[in-house]
Amino acid sequence: MTEGTSSITAGVALVKVLEAWGVDHLYGIPGGSFNSVMDALEAEKDRIHYIQVRHEEVGAMAAAADAKLTGKIGVCFGSAGPGGTHLMNGLYDAREDHVPVLALVGQFGTSGMNMDTFQEMNENPIYADVGAYNVTAVSAKTLPHVIDEAIRRAYANSGVSVVQIPVDLPWQEIAQSDWYASASSYQKPLLPQPDSDLLGKLTDQLVAAKRPVIYYGIGARDAGDEILELSKKLKIPLMSTYPAKGIVPDSYPAYLGSANRVAQKPANEALAQADTVLFIGNNYPFAEVSNAFQHTAHFLQIDIDPAKLGKRHQADIAILADAKLALQQINAAVSERPETPWWQANVANVANWRDYLAMLENKQFGNLQAYQVLKAVNDIAEDNAIFSIDVGDINLNANRDLQLTPKNQHFTSNLFATMGVGIPGAIAAKLDFPNRQVFNLAGDGGASMTMQDLVTQVQYHLPAINVIFSNQQYGFIKDEQEDTNQNDYIGVEFDDIDFSKVAEAVNMKGFRVTKIEELAPTFAKAAEIAKTEPVLIDAVISGDRPLPVENLQLDPAKFSPEEIETFKKRYEAQDLKLFADFLTQFGLTPNEGQSAQGGF
């Protein structure tokens, strides 16, 4: 019914609430317990677009990606029982990465609830952990209000709301006056102003530091210019979490990368030698288990969330403030100073590390490796390309070899780290930004979990560039087993899938690349095809382990010449130097600090 009539179905009112909040598409698979909402989506199809996925997990992952990319709530649905439980991985991904997602879950009609009817179950407890708001609608009249409440709660909690909907309710008529949306009243919280006294003390401590680093996370996404300015003024090297890669251009000479295992060598080494850490918008999840700050004399923190202050390490000075506002005031209070030996040693160490990466990326002979494939990605990537990155070794390699600037967007399943997110993320990215180039970068392990939804890209004409890194193994897990297990590898190797043929089976153009010399012409063709339609490149790479920067065997004080030579040969690292060498070169004495791997 139209808004001009005196009544409306509860289902159409539900959908109009979504529209009022700016939702223009949602993902799911219908079922008998959800068909009443499908009726409403059909009635509103000119205002909101239903995207049919081939697995509800993909819909939930895509909804989480929508929220990560745009800040707007992502919406997904599943029918009663298995349709809803299939949503779980995507919902936990959203919860752990603190982005707003609404999940609508079908339920048997009220006349059959609590009767052990087909697919009828007590759904509410299932979503109690993942949902910050989790309710079952009980009447048609209140259904639109419940949806409105769920969206407000998802935004307020930066998390997941779940609403179970008995199928008979959306078909029922309610009065027009029985519903409204509160979207026009929504306001983002005001950013806290930094305490001037604390900010002065933090600035003094930072200026006095002999070996400082600035360690920022995704919470500093809007403060890249201010971070760069402070780094250049005080000659402080920068490091970030992996999700924060790209806030500052990767090419910045004093950008050390990220620490621990999905990491770059200069960051691990500098963190073990630093005396002062300025921790900004950061919730580094390996801090405690890796003893990341065991050598830090002064820990300074700026965060917008009071729950994060002092969470990862005892802070000398903690300031509740928006990163951009706080850094602007710090920058105004400090003067530029000359380069220090600490700065010079870090810049030299970064240059040596990047020479190593460039050597791998630019190889012209030998087995095809992930490094050369990522260089081929860089070569065709447009300035504002978006990268949906799956989970596994692709994270580690993309962290090191994918070249990003603040114009790019990249995202993965940061904290929950669920495999299979690459394809759903590319679907969401193309829906949100149809005029930007979109890549899905995935290993064959992750891609095999959601490959059925390559057809969704075709069906909805979403021209993403899918790059699959195939080496017939769960490489990241295999490397963990090498470090931690007593026995031979188990459960980490599998038979080959020719993803180029999978692509062709869903009417997508597919290529398979096995040699370095095939990369440039194939990627050039793919870039051209992707101007109008999706495309896939299956790159068959070696099973080489990426350099374990958390467990280097280069120090002659700790390893024999034979051990060092074996390590260098395995990782093609003949010209790679220790940070201690650069510290000594610039007149500093290395301490005995080293970082631990942490983790499982």
Side-chain angles (χ1 to χ4, degrees), residues 3 8-28 34 37 40-41 44 47-48 59-60 62-78 84 87 90-107 123-124 126-166 169-170 174-192 219 304-307 322 428 432:
E3 292 185 21
I8 186 173
T9 67
V12 170
L14 177 163
V15 175
K16 285 184 176 296
V17 170
L18 297 180
E19 294 164 4
W21 282 95
V23 176
D24 56 16
H25 64 269
L26 74 171
Y27 312 87
F34 204 78
V37 179
L41 288 172
E44 291 291 297
R47 299 174 183 85
I48 190 168
D66 282 331
K68 294 175 187 182
L69 283 162
T70 69
K72 292 168 51 179
I73 192 164
V75 183
C76 57
F77 65 81
L87 299 172
L91 299 185
Y92 270 102
D93 175 43
R95 188 193 80 161
E96 294 301 291
D97 283 353
H98 306 290
V99 294
V101 164
L102 170 64
L104 307 176
V105 180
Q107 177 58 286
E123 293 178 330
N124 194 266
I126 297 172
Y127 305 99
D129 182 60
V130 74
Y133 180 77
N134 171 39
V135 299
T136 299
V138 296
S139 77
K141 182 177 180 178
T142 60
L143 176 59
H145 169 77
V146 169
I147 299 301
D148 190 61
E149 179 77 9
I151 295 173
R152 280 189 284 109
R153 295 285 191 96
Y155 276 121
N157 293 298
S158 297
V160 175
S161 286
V162 184
V163 179
Q164 297 97 46
I165 306 171
L169 301 185
I174 63 173
Q176 283 282 0
S177 57
D178 283 342
W179 78 276
Y180 73 93
S182 62
S184 61
S185 300
Y186 173 71
Q187 300 175 47
K188 292 183 179 180
L190 295 176
L191 301 177
I304 199 172
D305 183 358
D322 174 66
D432 292 323

What residues, two or more places apart in sequence or in another chain, satisfy ring-ring contact (aromatic ring centres under 6.0 Å, His included) together with Tyr127? none
Starting at CG of Leu102, measure out to CG of Leu26 and round the result to the nearest 0.5 Å. 9.0 Å
What is the minimum heavy-atom distance between Gly90 and Ala60, and which atoms define it? CA-CB, 3.6 Å
Show the nearest heavy-atom pair for residues Ala67 and Gly74, with the distance to one decimal. CB-N, 4.3 Å
Kindly give the heavy-atom pair with the smallest separation between Ile174 and Ala13, and that separation in Å. CD1-CB, 4.1 Å
What do the steps show when you test Val146 against Val135 for side chain to side chain contact (heavy atoms under 4.5 Å, CB included), and what is the final call? CA-CA 8 Å; Val146 169; Val135 299; 3.5 Å; yes
When rounded to the nearest 0.5 Å, the distance separating CD1 of Ile126 from CG of Leu87 is 11.0 Å
Heavy-atom pair with the smallest gap, counting every atom of Ala154 and Ser161: N-OG, 3.5 Å
Which heavy atom of Ala137 sits nearest to which heavy atom of Leu143, and what is that distance? CB-CD1, 3.7 Å
Salt bridge (Lys or Arg N to Asp or Glu O under 4.0 Å) pairs, two or more places apart, involving residues 150-166: Asp148-Arg152, Glu149-Arg152, Glu149-Arg153
Can you sort out the partners of Asp432 under side-chain hydrogen bond (donor to acceptor under 3.5 Å, both in side chains), two or more places apart, ordered by chain and number? none
ring-ring contact (aromatic ring centres under 6.0 Å, His included) partners of Tyr155, counting only residues at least two apart: Trp21, Tyr186
So which pairs with a foot in residues 133-145 pass salt bridge (Lys or Arg N to Asp or Glu O under 4.0 Å), sequence neighbours left out? none
Going by the rule salt bridge (charged side-chain N to carboxylate O under 4.0 Å, His left out), which residues pair with Asp24 if we only count those two or more places apart in sequence or in a different chain? none
Show, in sequence, the C-alpha distance, side-chain angles and deciding distance for Asp93 and Lys68, and conclude whether the side chain to side chain contact (heavy atoms under 4.5 Å, CB included) test is met. CA-CA 11 Å; Asp93 175 43; Lys68 294 175 187 182; 3.0 Å; yes
So, using side-chain hydrogen bond (donor to acceptor under 3.5 Å, both in side chains) as the criterion, who are the partners of Asn124 when residues are at least two apart? Asn134, Gln164
Rounded to the nearest 0.5 Å, what's the gap from OG1 on Thr136 to CD1 on Ile165? Could you check? 10.0 Å
Side chain to side chain contact (heavy atoms under 4.5 Å, CB included) partners of Ala132, counting only residues at least two apart: Asn157
Stepwise side chain to side chain contact (heavy atoms under 4.5 Å, CB included) check, Glu44 with Val12: CA-CA 7 Å; Glu44 291 291 297; Val12 170; 4.0 Å; yes
Hey, could you give me the SG/CG distance between Cys76 and Leu91, rounded to the nearest 0.5 Å? 5.0 Å
Rounded distance (nearest 0.5 Å) linking atom CD of Gln176 with atom NZ of Lys16: 8.0 Å
Please report the shortest heavy-atom distance between Ala140 and Pro144, naming the atom on each side. O-CD, 3.4 Å
Side chain to side chain contact (heavy atoms under 4.5 Å, CB included), that's the test. Do Ile304 and Leu191 meet it? Break it down for me. CA-CA 8 Å; Ile304 199 172; Leu191 301 177; 3.5 Å; yes
salt_bridge(Asp66, Lys72) N-O dist < 4.0 Å: no
If we only count heavy atoms from C-beta on, is the His25 to Ile48 side-chain gap below 4.5 Å? no
What distance separates Leu169 CG from Thr9 OG1, expressed to the nearest 0.5 Å? 11.5 Å
Would you please name every residue forming a ring-ring contact (aromatic ring centres under 6.0 Å, His included) with His145, sequence neighbours left out? none
Using the ring-ring contact (aromatic ring centres under 6.0 Å, His included) criterion, which residues pair with Phe77? Sequence neighbours excluded. Phe34, Tyr50
Distance-only polar pair, side chains of Ser182 and Ser185, donor-acceptor under 3.5 Å: no
So, using side-chain hydrogen bond (donor to acceptor under 3.5 Å, both in side chains) as the criterion, who are the partners of Asp305 when residues are at least two apart? Lys308
In the structure I gave you, are the side-chain heavy atoms of Val75 and Val101 within less than 4.5 Å of one another anywhere? no
Are any of the side-chain heavy atoms of Ile73 and Leu18 separated by less than 4.5 Å? no
Just to verify, what does Ser158 make a side-chain hydrogen bond (donor to acceptor under 3.5 Å, both in side chains) with, not counting sequence neighbours? none
Do any N or O atoms from the side chain of Arg47 and from the backbone of Leu41 form a donor-acceptor pair under 3.5 angstrom? no
